[in-house]
Amino acid sequence: MSKASYIRRYWQLYALLSLPIIYFLIFRYGPMYGVQIAFKDFNLFQGINGSEWIGFEAFREVFGMKEFYSSLRNTFMLNFLDLVVSFPAPIILAIMLYEIKSVWFKKVSQTLLYIPHFISWVIIGGIVYQLFGNQSGMVNGLLESMGLNPIPFLTEKGPWLITYLFTGVWQSAGWGTILYLAALTGVNRELFEAAEVDGATRMKKICYITLPSIKPTIVTLLILNLGKMVSIGFDRPYVIGNTAVREYSDVLSTFVYRIGLESGQYTLATVVGLFQAVVGLVFILGSNYISKKVTGDGIL
Amino acid sequence: MSERTSNRIFDIVNVTFVALFVLFCLAPFVHVIAVSLSSTRAITSGEVTIFPIEINWKAYVQVFTDNAMIRSLIFTIILTVATTVLCMLFTIAAAYPLTKSKLKGRKLFMYVIIITMFFSGGIIPEYLLIRDLHMIDTVWSLILPGLVSPFNLIILISFFRNIPPSLEESAEIDGSSHFRTLMSIVLPLSMPVMATLALFYAVGRWNGFQDSLMYINNPDLYPLQLKLFQMVQNNMITELTQLEGANRTKLPPESLKAATVVFATVPILVVYPWLQKYFVSGVMLGAVKG
């Protein structure tokens, strides 16, 4: 095809593509250009180019901050606990849903189970307060009416951690079943019939047919989760956390927000953000490598 | 125990467990609705659990007659619709050309997009960019930064690829331009995935909160979630200071906070069941291909 006819044929596609590409260059690559302020003594009035280079000085300062380590530790801790508590929940739930024979009951339960995923963390924060507030929360009200001591769900380490994890399960367990149920639609029904002929019980069928058939999905999601160990959403710890438990609720994303946008230490906050991005990238590439070794299939 | 009875027991236990989990998901909503309809006396004395006590609509009357709240609701609806439309236009504009294997530079464009899934500048450089573009305190700061989600884009590309190429080829032979093929063949065949992605973008915008916290200082441009957050945050602060014995008369009544939570949740719950049948297949497709 000659150049002229190629252009005549494809110019419309390039015209279409130009809009999103401009978007990516400005709004996704623009901030990457701004990352250089991690190495500069950034001053709002002099701008990115006018500020002086300081090399790794800001990195030294960040790595000397106690709060940096505590928010790094909290990020790992909350992600790890989430992995232990929230990761298995949708697997169990998906298997139970799969075993249900009544189509309408299954459909209705699925519809209702997905709902929490569509609720913002801000609203969940409001609901958590209504339920677990020290003074006016329903749960403590019930405990008191039974003659028990109220539990400081939102203001003390142990109870706060449980509240945090519990809201995670509540918000995501139902939605998480979608992927496993999708994997289960591919299971050959004859396997179950054959197992039945051999006299396998329901539990045996689950252990030897259902679970193995979603194993690849489980492994892939596990690896994806491991890859996200240093990245943590902002909304959930920010909304569920509060000053009383900051020692445990401050994570990298809220730490960046606090020192950057609340205290105006742009350079230090950018350093933490860059640290998070680079370590996150290493984790993703690493878990992708492991995934390729273990399952023969990567996510990249 | 015969096999049939053990099967029955299994089914009963299973259905009970799933039903309990469904209740566990719904109970918090039911409680909040009950609080929103109950009297202040019943709430403070801790009588309200899942049924409203001393039913009244005062809290809702107050929310619906609060001009700032209504303005915020209308603003958030318009913002959500506008964002969703723009996001879909940009995502389609990226996805359609990228399905054409003969397009020169296609691989390069894919790399440019995919890299952004794994590395980003972080919120401080993003904030400075928005500031330098003079978009602080404008609606653009809430619309433009998240215009295309690479994840949604990949779902759309894999859906477009599944459309039989012969359909597009025959249109081309009939002299149809790319625009026309896209509009009259590809898009009508893609309604399920379009509904899915539109719901994702809409829910993301409706629930989005961090960007408004960062970019919006003008109360006239507060989306609902930011307004709500301030109420919740006030709760948190008063809750904590109450421990130190501050007086609680200044607090808005619990029922008002609950009514506001209901007020901000209902629109999503109204839209969601209509689109649910689409997004399950849409998500599954993304899971299998992505």
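Within every chain, numbering begins at 1; the chains are lettered A, B, ... in the order of the sequence lines, protein sequences first and strands thereafter.
- For a residue to count as touching a neighbouring chain, one of its non-hydrogen atoms must lie under 4.5 Å from one of that chain's; by this rule A/I100 touches chain B with backbone and side chain alike.
- With a 4.5 angstrom heavy-atom cutoff, A/A173 touches chain B only via side-chain atoms.
- If you measure heavy-atom distances from A/I37 to chain B, the contacts under 4.5 Å come from the side chain alone.
- A heavy-atom distance below 4.5 Å is found between the side chains of A/L261 and B/I124.
- Within the 4.5 angstrom heavy-atom criterion, no atom of A/S145 approaches chain B.
- With a 4.5 angstrom heavy-atom cutoff, B/V22 touches chain A via backbone and side-chain atoms both.
- With a 4.5 angstrom heavy-atom cutoff, B/H178 touches chain A via backbone and side-chain atoms both.
- When side chains are defined from C-beta on, A/R28 counts as touching B/P150, because their heavy atoms get closer than 4.5 Å.
- Put simply, the side chain of A/F27 does not reach to within 4.5 Å of the side chain of B/T116, judged on heavy atoms.
- Contact annotation: the side chain of A/E99 approaches that of B/F10 to within less than 4.5 Å [non-hydrogen atoms, C-beta and beyond].
- Ranked by non-hydrogen atom pairs under 4.5 Å with chain A, the options B/G121, B/G122, B/A93 are led by B/A93.
- For the set A/L44, A/L142, A/L97, the count of heavy-atom pairs under 4.5 angstrom toward chain B peaks at A/L44.
- Sorted by first and then second residue, the salt bridge (Lys or Arg N to Asp or Glu O under 4.0 Å) pairs with a member in residues 117-146 of chain A form an empty list; sequence neighbours excluded.
- Within the 4.5 Å cutoff, no side-chain heavy atoms of B/F24 are placed close to those of A/L113.
- Comparing A/G141, A/G260, A/S109 by heavy-atom pairs within less than 4.5 Å of chain B, the highest count is held by A/S109.
- Ranked by non-hydrogen atom pairs under 4.5 Å with chain B, the options A/M32, A/Q276, A/K106, A/M96 are led by A/M96.
- Proximity to chain A involves both the backbone and the side chain of B/A19, based on heavy atoms less than 4.5 angstrom apart.
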> When you look at B/V48 and A/M138, which way does the side-chain contact (heavy atoms from CB on, under 4.5 Å) test go after all the steps?
Replying inline: CA-CA 7 Å; B/V48 182; A/M138 179 193 97; over 6 Å; no
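- Identified under the salt bridge (Lys or Arg N to Asp or Glu O under 4.0 Å) test for residues 258-280 of chain A, with sequence neighbours left out: A/E67-A/R258, A/D250-A/R258.
- The OH atom of A/Y257 sits 8.0 Å away from the CD1 atom of B/I123 when rounded to the nearest 0.5 Å.
- Between B/Y272 and A/W175, the distance separating the two ring centers is not shorter than 6.0 angstrom.
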> Yes or no on side-chain contact (heavy atoms from CB on, under 4.5 Å) for A/Y238 and B/Q210, after CA distance, side-chain angles and deciding distance?
Replying inline: CA-CA 10 Å; A/Y238 191 69; B/Q210 190 184 6; over 6 Å; no
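- Atom CE of A/M146 has more than 12 heavy atoms from other residues, nucleotides or ligands within 6.0 Å.
- The CG atom of A/L131 lies 5.0 Å from the NE2 atom of B/H31; values are rounded to the nearest 0.5 Å.
- Looking at A/L19, the atoms closer than 4.5 Å to chain B (heavy atoms on both sides) sit in the backbone and in the side chain alike.
- Comparing B/L98, B/L213, B/L89, B/V32 by how many heavy-atom pairs each has under 4.5 Å with chain A, the most go to B/L213.
- To the nearest 0.5 Å, atom CG of residue A/L17 and atom OH of residue B/Y96 are 12.5 Å apart.
- Annotation: salt bridge (Lys or Arg N to Asp or Glu O under 4.0 Å) contacts involving residues 9-26 of chain B, sequence neighbours excluded, comprise A/K101-B/D11, A/R202-B/D11.
- Between A/Y23 and B/L144 there is no side-chain heavy-atom pair separated by less than 4.5 Å.
- The contact between B/S177 and chain A is made by backbone and side chain atoms together, counting heavy-atom distances below 4.5 Å.
- In this structure a side-chain-to-backbone donor-acceptor pair under 3.5 Å is missing from A/Y29 to B/S120.
- Cation-pi geometry between B/K104 and A/Y6 is met: under 6.0 angstrom from the ring centre, within 45 degrees of the axis.
- Looking at A/V139, there are no atoms closer than 4.5 Å to chain B (heavy atoms on both sides), in backbone or side chain.
- Listed for the B/N207 side chain is a donor-acceptor partner under 3.5 Å among the backbone atoms of A/F118.
- Residue A/I26 holds its CD1 atom at 10.5 Å from CG of B/L147, rounded to the nearest 0.5 Å.
- Contacts with chain B were tallied for A/I119, A/T267, A/L281, A/T111; A/T111 has the most, counting heavy-atom pairs under 4.5 Å.
- For the atom pair B/S6 OG and A/M203 CE, the distance stands at 11.5 Å (nearest 0.5 Å).
- Of the atoms belonging to A/I124, not a single heavy atom falls under 4.5 Å from chain B.
- Heavy-atom distances place the side chain of B/L182, and not its backbone, under 4.5 Å from chain A.
- Remark: A/I123 CD1 to B/F229 CZ distance equals 13.5 Å, nearest 0.5 Å.
- Contacts of A/I206 with chain B are made by side-chain atoms alone, with heavy-atom separations under 4.5 Å and no backbone atom involved.
- Annotation: side chain of B/V15 is in contact with side chain of A/F105 (closest heavy-atom distance under 4.5 Å).
- Contact of B/V203 with chain A is made through the side chain alone, with heavy-atom distances under 4.5 Å.
- For residues 125-133 of chain B, a heavy-atom distance under 4.5 Å to chain A picks out B/P125, B/E126, B/Y127, B/L128, B/L129, B/I130, B/R131, B/L133, given by residue number.
- Between A/R9 and B/E172 there is a side-chain heavy-atom pair separated by less than 4.5 Å.
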